[in-house]
Amino acid sequence: MNWTPEFMGFGNQLYLWAWAHARRHEKVPHRVLIVERSRYWLPHFPAVRPYLVEAADVSFWDSRDHFYAFKEQQSGDPRGFTDESRAAFVRDWVLTSPALQGAERGPLADDDVMTLNLRRGDFYDNPWHRPEYAFDVEAYVRLVVPRAIEQDGPVKRIHVVSDDPAWCRSHLGWLTAYADEVTEPREGAEPIDHLRDVVSSRRLVIANGTFSLWGAAISRVLFDAPQATVWAPAFFQRRYGPGRCVEYDQNWSFVDELPGGWQPAWVVDGLDRDPARDGSS
């Protein structure tokens, strides 16, 4: 029994689901605990449901473990899976979702469309998380978009998927210099719609959220697309230190440094923008 911590959102729980998938044929059943943050996603992934368990159904005699804390020891890979085991999980349990059917035929799959998936949320508004996860996202996007275009070709459309669309509108209006059309998910779009947008994109720029990491990995399986058309920041979390974090696939493309560093003081202090920045678009 993998005892899911209550804090885990969808991206983190996918690591646990992949763990159960890799062990689905073992004699001793491997199951993952359902927590409140699981419930929204359960109807969208029916193939996973037989391997999930409610707390009320856990026996006193069932062993409990925390795979997430010992990913490399249990999988042999610091990410918690091999490329092969992850791809099998994605094909069997993720891409079978009714909500993802036909994703490979959507408008975001075109080669002249770039999707940005930018995690904000409690990485920035929670003072406990901010010193660990927050970084200068605008500076990163200013570097990564032209680099991705130079490497992978021009784009007609940039689609911005974020849990903070207001921040994106306020800080990223200059994206119109790189594409004729800058779009975002429809008003009222749900998390599963955001996932579909990311998964259905051949060209991706992601930030440092596990939702983004998984969305990029799923899209590579869906399209058998080049790994290098995923762009990521070398920064993932402060505790990992400098360099490309092991959480990322190392054959993605990276921005390795920002001119002002990943975590300038104003970001850690919770300011909305660099007070020294002139505010020009």
Those residues at least two apart in sequence (or on a different chain) that pass ring pair (Phe, Tyr, Trp, His ring centres under 6.0 Å) with F123 are Y133

Looking only at heavy atoms, the pair that brings L172 and L118 closest together is CD1-CD1, 3.6 Å

Residue pairs passing the salt bridge (Lys or Arg N to Asp or Glu O under 4.0 Å) test with at least one member in residues 167-186, sequence neighbours excluded, are R169-E184, R186-D193

Checking side chain to side chain contact (heavy atoms under 4.5 Å, CB included) for the pair Y124/W167: CA distance, chi angles, key distance, verdict? CA-CA 11 Å; Y124 297 84; W167 182 92; over 6 Å; no

Exercise. Any chain of hydrophobic side-chain contacts (each under 4.5 Å) joining V221 to L108?
Worked result: no

CD of E257: more than 12 outside heavy atoms within 6.0 angstrom?
-> no

d(E138 CD, L258 CG) to nearest 0.5 Å is 11.5 Å

Closest non-hydrogen atoms of V267 and A134, given as atom of the first, atom of the second and distance, are CG1-CB, 3.6 Å

* Asked: Are the charged groups of D249 and R86 less than 4.0 angstrom apart, N to O?
  -> yes

Point to revise | Q250 atom CD: more than 12 heavy-atom contacts under 6.0 Å | key: yes

Measure the shortest side-chain to side-chain distance between P191 and F10 over non-hydrogen atoms and say whether it is less than 4.5 angstrom.
-> no

Please report, to 0.1 Å, the donor-acceptor pairs under 3.5 Å made by any side chain of residues 43-55, with sequence neighbours excluded.
| unit_1 | atom_1 | unit_2 | atom_2 | d |
| --- | --- | --- | --- | --- |
| R49 | NH1 | L52 | O | 3.1 |
| E54 | OE1 | R39 | NH2 | 2.9 |
| E54 | OE2 | R39 | NH1 | 2.9 |

Check your understanding: Can the ring centroids of Y140 and F235 be said to lie less than 6.0 angstrom from one another?
Key -> no

query = Do Q151 side-chain atoms and A228 backbone N/O form a donor-acceptor pair below 3.5 Å?
reply = yes

Value for CD (E247) from CG (L213), rounded to nearest 0.5 Å, stands at 7.0 Å

Rounded to the nearest 0.5 angstrom, the CH2-OG distance for W17 and S38 is 6.5 Å

Could you tell me if T210 and R119 have a donor-acceptor pair between their side chains, going purely by distance under 3.5 Å?
no

Students should find that the hydrophobic cluster of V268, defined by side-chain heavy atoms under 4.5 Å apart, otherwise consists of none

For D272, the salt bridge (Lys or Arg N to Asp or Glu O under 4.0 Å) test, sequence neighbours excluded, returns none

(message) Side chains of P185 and H194, heavy atoms from C-beta outward: is any pair under 4.5 Å?
(response) yes

Applying side chain to side chain contact (heavy atoms under 4.5 Å, CB included) to S170 and not counting sequence neighbours gives R273

With sequence neighbours left out, the residues meeting salt bridge (Lys or Arg N to Asp or Glu O under 4.0 Å) with D256 are R244

Taken to the nearest 0.5 Å, the spacing of R37 CZ from M8 CE works out to 10.5 Å

Using the side chain to side chain contact (heavy atoms under 4.5 Å, CB included) rule, take R142 and V255 through it: C-alpha gap first, then chi angles, then the decisive distance, then the call.
CA-CA 11 Å; R142 285 184 180 273; V255 170; over 6 Å; no

Correct closest heavy-atom pair for P259 and L143 would be CD-CD1, 3.8 Å

Of all heavy-atom pairs linking P264 and G261, the shortest is CD-O, 3.5 Å

With a 4.5 Å cut-off on side-chain heavy atoms, are V35 and Q13 touching? yes

Rounding to 0.5 Å, atoms CH2 (W3) and CG (L16) come to a distance of 13.0 Å

Taken to the nearest 0.5 Å, the spacing of I149 CD1 from Y178 OH works out to 7.0 Å

Out of curiosity, does F81 fall in the hydrophobic cluster containing V32 (side-chain heavy atoms, cut-off under 4.5 Å, transitive links)? yes

Sequence neighbours excluded, the answer for salt bridge (Lys or Arg N to Asp or Glu O under 4.0 Å) partners of E132 is none

Smallest heavy-atom separation, R24 atom then H21 atom, equals NH1-O, 2.6 Å

Looking at side-chain heavy atoms only, is the closest gap between P165 and V160 below 4.5 Å? no

N/O donor-acceptor pair under 3.5 Å between S97 side chain and V94 backbone:
no

Residues at least two apart in sequence or cross-chain that pass side chain to side chain contact (heavy atoms under 4.5 Å, CB included) with S212, listed by chain then number, are N117, I206

Test salt bridge (Lys or Arg N to Asp or Glu O under 4.0 Å) on D57 and R31; report intermediate values, then the result. CA-CA 11 Å; D57 297 325; R31 300 292 184 262; over 6 Å; no

Hits for ring pair (Phe, Tyr, Trp, His ring centres under 6.0 Å) against W252, two or more places apart or cross-chain, chain-then-number order -> none

Heavy atoms of S219 and V199 approach each other most closely as CB-O, 3.1 Å

Could you see if L271 belongs to whatever hydrophobic cluster contains V137? Use Ile, Leu, Val, Met, Phe, Trp, Tyr and a side-chain cutoff under 4.5 Å. no

**OP:** Scan side-chain atoms only and decide if R120 and S162 contain a donor-acceptor pair under the 3.5 Å cut-off.
**Re:** no

_Quick one, T183 with R157, criterion side chain to side chain contact (heavy atoms under 4.5 Å, CB included). Give me CA distance, side-chain angles, the key distance, then yes/no._
CA-CA 7 Å; T183 60; R157 176 184 178 188; 3.0 Å; yes

Any side-chain donor-acceptor pair under 3.5 Å between Q263 and R238? yes

Hits for salt bridge (Lys or Arg N to Asp or Glu O under 4.0 Å) against R196, two or more places apart or cross-chain, chain-then-number order -> none

(message) Please determine whether side chain to side chain contact (heavy atoms under 4.5 Å, CB included) holds for the pair F7 and N12, giving the CA-CA distance in whole Å, both sets of side-chain angles, and the decisive distance to 0.1 Å.
(response) CA-CA 9 Å; F7 74 83; N12 284 331; 4.0 Å; yes

Is the shortest side-chain heavy-atom distance between M114 and V205 below 4.5 Å? yes

Practice prompt. Spell out, as yes or no, whether a donor-acceptor pair under 3.5 Å connects the side chain of R203 to the backbone of G153.
Written response: yes

Hydrophobic cluster membership, Y248 vs V90, 4.5 Å side-chain cutoff = yes

Check whether any side-chain heavy atom of V145 lies under 4.5 Å from a side-chain heavy atom of L175, and answer yes or no.
yes

request  = Check the hydrophobic clustering (I, L, V, M, F, W, Y; side-chain heavy atoms under 4.5 Å; chains of links allowed) and say if V113 and W231 are grouped together.
outcome  = no

message: Contact between F211 and D163 at the side-chain level, heavy atoms closer than 4.5 Å - yes or no?
response: no

The complete set of side chain to side chain donor-acceptor pair (under 3.5 Å) pairs with one or both residues in residues 100-115, sequence neighbours excluded, reads T115-S201

**Report entry** Y40 side chain reached by I192 side chain, heavy atoms, under 4.5 Å
**Finding:** yes

